[in-house]
Amino acid sequence: MKFIKPLFISLLFSSLILSQTLNESKIKSVGPVSRMPYGLTKVNYPGDSNIDVTYYKLNLTVQYNPNYLIGAVTVEAKSTVDSLNTFFLDLQNVLKVDSVISNNQSLNFSQPSGSARLNITLGKAFNTGEKFSLIVYYQGVPGSSGFGSFTFGTTIIGQPSIYTLSEPYGASDWWPNKDTPADKADSADIWITTRSDLKAISNGNLMGIVDNGNGTHTYKWKTTYPIAQYLISMAIAPFEEYDIYFHYNSTDSMLVSNFLYPETMTTSNKAILDKTLDMLSIFSDKYGPYPFLKEKYGHAQFGWGGGMEHQTITSIGGVSEGLIAHELSHQWFGDKITCKNWESIWLNEGFATFSEGLYREFEYGRTFYDNYMFGKMTAAKKAQGSIYVQNISSVGSIFNGNRSYAKGSVVLHMLRGIVGDANFFNIMKTYATDPSIAYGVVVTADFQRVAESIYGSSLDYFFSEWIFGENYPKYNVVWGYSNLGNGQYSVNVNIKQTQNNNPVFFTMPVQLKISMGSTDTLVTVFNDKGNQSFNITVNGLPTGLIFDPNNYILKDVLGIVTGVESKTLPNTFTLKQNYPNPFNPTTTISFSVPEKSFVSLVVTDLLGRKVAELVNEEKPQGNYTVFFDAGNLPAGRQELSSGIYFYTLTTGNFIQTKKMILLR
C-alpha cells in the first residue's frame, strides 16, 4: 500500500515520466485523500484461533443508488482444537445476517451488540484437523472504516465507482471472515453481480461472465493461490480495459490487464502502464519468478489517493511509475509472502518502498537509486519508535510513512551495504522462493534466518537494533596519522557516538575512505563500542578521510576533526573549496584554525539569506571538515533548488567567503 498527498492527485495524470521518476520519493503522505483515522476503538485481532480457514467463496450482489450489498459467503475451515462446537467470524453489526447454513441445515448464530463478531454454533463437535463448511447469508450497507474498506463512490466525471480496501481491519466491513493476515485461505472464488453497464474486477482469473437477463451480469473470478483476507478485493466501474503481455520466457506470456476510468485512459498513462513490463522483468530477475504466473497481474482504478496491492490486481488512484513499482513488488513481499501480524508490517511496506528505488536503479542507473535512498533516509530520521509496531490499534501507527515505509526500506539498504550486492540479492531471492516461506506468512526472524544463512555470520545485532530499537546513530569522528617510515603511515580513527536509549549505541560495520593524493583505499571497521579507536596502515601520505562514503548507514555525522602530526598543524586560518562542487545534495567544507578561536560557518543564498549554520562554537587548533546536506535543512526551511550558494567562515578578524553550486 502506498499513500499519496492530495496536493499531488491532480498532477498524476499530467506529470512527465522523468519528473515522476525524480520526485516520486517526495510524495509520500500519512493519509489518503479523504480520511486517515489514527485510532480504532476496537481491534478484532487475530481472529478466532480455533479455526484454520482453507477456502472462501464470496457471492455478492452490489446495488448502486440505492447503495446496498447482498452476500452469501462460503467458509471452509478445519478445527485447530478438539471438541470445537462454537467459533466466531469477524463481521460488523451494520451487516445483518439472515441465516447460516451447513449441510442444508440452519445453524444457530448471534451478533452481539458492539462486538463486530458473528458467533456460530456448529451442528456437531469437531476435533483437531476435522473440516467443516458453511454459508453465511447477510445484507446491508457496508461501513467504510480504515482507509475506506467499502466505498460507494464515483469516477472523476461522476459515474459509479464501487471499491474495497480492507487493509488492515476492514474486511469485516463487507464480508464475514477470519480477520487476520496469519491465516491465509488456500484459494478463493469471488462472484460479483452488478449492473450490466459496469465491469466488476477482482483477484485471479476471470472464469466467466453470466448475463442474468435482468439488467445485471455476474463476474466469476477465481484464485487458486493462497490469499490473505485483506487482499481479497472488488472494483466496479465503467472501466476501459488496456491489455498488455509479460513474456516471462521465450514461449510463454502472462496477461497484464489494466482497468482505468475511460476519462483517464490516455496515451501518456498507457505509456506509464507499459513500464509494468520492465518492472516485472527486473523484479523477476532479482526476486524470482512473478508469484502468480498461472493467473495475471493488473491494475484497477479506484477513488483513493494511492494504491493497494490486492493480489494479482492492484488498485490504483492514479498512474505513476513509483506507485506501480511499489504495488507490483508487493506481489512478492506482501502477497506471496505476507506479514504474520501488523506489528511486522515493515516486511510488506519496507520491502515495497525499497523496491521502488531498486526499479529506478536498474531502469535508469545507480545515481537514481542513491538519490532515492537519500530521500528515504531523510524521512527515516523523523521516525518515532521502533520499526516493529508497538500500537497496532492505530492505523496511523501501523502505516507510519517515516517508520514502516522509509526506515523499513533503509534497513534493506543498510543490509545491502553490510553483506554486499551478490549476497544481498541472493538473500532476497532465497527469501522469496524458500519453500518454507513461499505463499505463507512471516515475521522478522524468518527474514533474518535467510539472511544469516546466505551471509554466513550472525546478523542478530543488526536486526535487534534496527527493527526493535529506536532512532539512529550520531557520530563524532577524529582522525590523524603518524609516519611509520618507508612510505607507510598509521591512520588513527576515533569514532564516538552520542548516547541513545535503545540501543545505547549502534553496532555497525563502517566503511572509511582514506585518500592519499591521487589514490584512495576503502577499509571497513566493525564499530561495536560507543567510543572506539582503530589503526589502519596505508601506503602513502593520508590527505583526507570520508566516513561511510557510499552512504550505507542511516546516521548523522556531527563532525569530522583532523588532528594530524604537530608539524602539520595549521599556522593560519584557511577556508578550502567545497568538494564535490557542483554537488547534489551533500558536500564537504574544510577549514583550518591556527589557534583556539570562536568559529562561525554559515551558508547563504544569492540574496544573502542564511539557509544553514554549520558551525557556531569555539574550536581548538586543528583542521576541520564539516558536511553540508542541502536535502536535510532545519525544520521550517524550504528545500533548496539548483543554483549558486555561498559559505562564509568568520573567526575574529578573519572572514572569507567561497561560492558553491547545487545541481538538482
Side-chain angles (χ1 to χ4, degrees), residues 53-64 68-77 89-91 95 133-140 142 148-152 160-167 170-179 181 183-196 198-212 216-237 239 241 255 257 259 291-292 294-302 308-315 331 334-336 338 439:
V53 174
T54 57
Y55 170 77
Y56 291 117
K57 178 182 177 182
L58 284 66
N59 191 350
L60 308 175
T61 298
V62 182
Q63 300 175 3
Y64 187 85
Y68 207 69
L69 174 68
I70 301 172
V73 172
T74 301
V75 180
E76 295 182 3
L89 295 172
D90 296 290
L91 184 68
L95 297 172
S133 176
L134 52 83
I135 305 174
V136 178
Y137 295 90
Y138 66 101
Q139 58 184 305
S149 48
F150 195 103
T151 301
F152 288 98
S161 177
I162 305 139
Y163 57 87
T164 64
L165 196 170
S166 296
E167 191 179 26
S172 64
D173 277 332
W174 57 287
W175 64 285
N177 64 92
K178 181 179 175 181
D179 202 5
D183 189 2
K184 288 186 174 183
D186 297 333
S187 60
D189 285 282
I190 305 98
W191 293 7
I192 306 166
T193 300
T194 190
R195 283 173 17 187
S196 296
L198 304 175
K199 293 180 180 179
I201 313 304
S202 190
N203 314 90
N205 287 325
L206 181 61
M207 308 306 292
I209 305 173
V210 177
D211 186 344
N212 300 312
T216 70
H217 53 191
T218 301
Y219 278 73
K220 296 184 176 182
W221 295 91
K222 183 179 188 66
T223 179
T224 59
Y225 292 94
I227 188 168
Q229 88 295 349
Y230 75 92
L231 294 172
I232 292 176
S233 71
M234 175 173 62
I236 301 172
F239 288 118
E241 184 174 355
L255 176 66
S257 293
F259 299 92
F292 309 107
K294 293 188 297 183
E295 295 181 352
K296 71 172 185 307
Y297 187 61
H299 304 95
Q301 191 169 357
F302 70 159
M308 175 62 208
E309 66 274 12
H310 295 127
Q311 191 161 303
T312 73
I313 184 70
T314 283
S315 298
Q331 302 300 308
D335 295 8
K336 180 183 183 181
T338 306
Y439 302 101

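Heads up: numbering here begins at 1 and tracks the sequence.
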Considering all heavy atoms of both residues, which atom of [X] and which atom of [Y] are nearest to each other, and what is their separation?
X	Y	result
Ser257	Phe259	CB-CE1, 3.5 Å
Ala300	Ala235	CB-CB, 3.9 Å
Asp211	Thr216	OD1-O, 3.7 Å
Lys184	Pro226	CD-CB, 4.1 Å
Ser149	Gly170	CB-O, 3.4 Å
Val136	Leu134	CG2-CD1, 3.8 Å

Checking the side chain of [X] only, and the main-chain atoms of [Y] only, is there a donor and an acceptor separated by less than 3.5 Å?
X	Y	answer
Asn177	Asp179	yes
Asn59	Ala72	no
Ser202	Ser233	yes
Tyr439	Pro291	yes
Lys222	Leu206	no
Gln311	Gly204	no
Ser161	Ala237	no

Once the angle between the rings of His217 and Tyr219 is folded into 0 to 90°, is it parallel (under 30°), tilted (30 to 60°) or perpendicular (over 60°)?
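The arrangement is perpendicular - the two ring planes meet at more than 60°.
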Does any part of the side chain of [Y], heavy atoms only, come nearer than 4.5 Å to the side chain of [X], both counted from C-beta?
X	Y	result
Pro160	Leu198	yes
Leu58	Trp174	yes
Asp335	Phe292	yes
Pro176	Val75	no
Ser166	Asp173	no
Thr151	Phe302	no
Met234	Ile190	no
Thr74	Ser133	yes

Find the distance between [atom1] ([X]) and [atom2] ([Y]) and round it off to the nearest 0.5 Å.
X	Y	atom1	atom2	value
Leu255	Lys296	CG	NZ	8.5 Å
Met308	Thr164	CE	OG1	9.0 Å
Asn203	Ile227	CG	CD1	4.0 Å
Thr61	Tyr68	OG1	OH	11.5 Å
Phe150	Leu95	CZ	CG	9.0 Å
Lys178	Ser172	NZ	OG	14.5 Å

Where do Gln331 and Glu309 land on the side chain to side chain contact (heavy atoms under 4.5 Å, CB included) test, with the steps shown first?
CA-CA 7 Å; Gln331 302 300 308; Glu309 66 274 12; 4.2 Å; yes
Who passes side chain to side chain donor-acceptor pair (under 3.5 Å) against Lys199, sequence neighbours left out?
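Side chain to side chain donor-acceptor pair (under 3.5 Å) list for Lys199, sorted by chain: empty.
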Within 45° of the six-membered ring axis of Tyr225 and under 6.0 Å from that ring's centre, is NZ or CZ of Lys294 located there?
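Verdict for Tyr225: a cation-pi partner in Lys294.
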Looking just at side-chain N and O atoms, do Glu295 and Thr223 make a donor-acceptor pair shorter than 3.5 Å?
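The answer is yes; a qualifying pair exists.
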Distance-only polar pair, side chains of Tyr55 and Asp189, donor-acceptor under 3.5 Å:
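Yes.
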The single option from Tyr230, Tyr137, Tyr56 passing ring pair (Phe, Tyr, Trp, His ring centres under 6.0 Å) against Trp175:
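That would be Tyr56.
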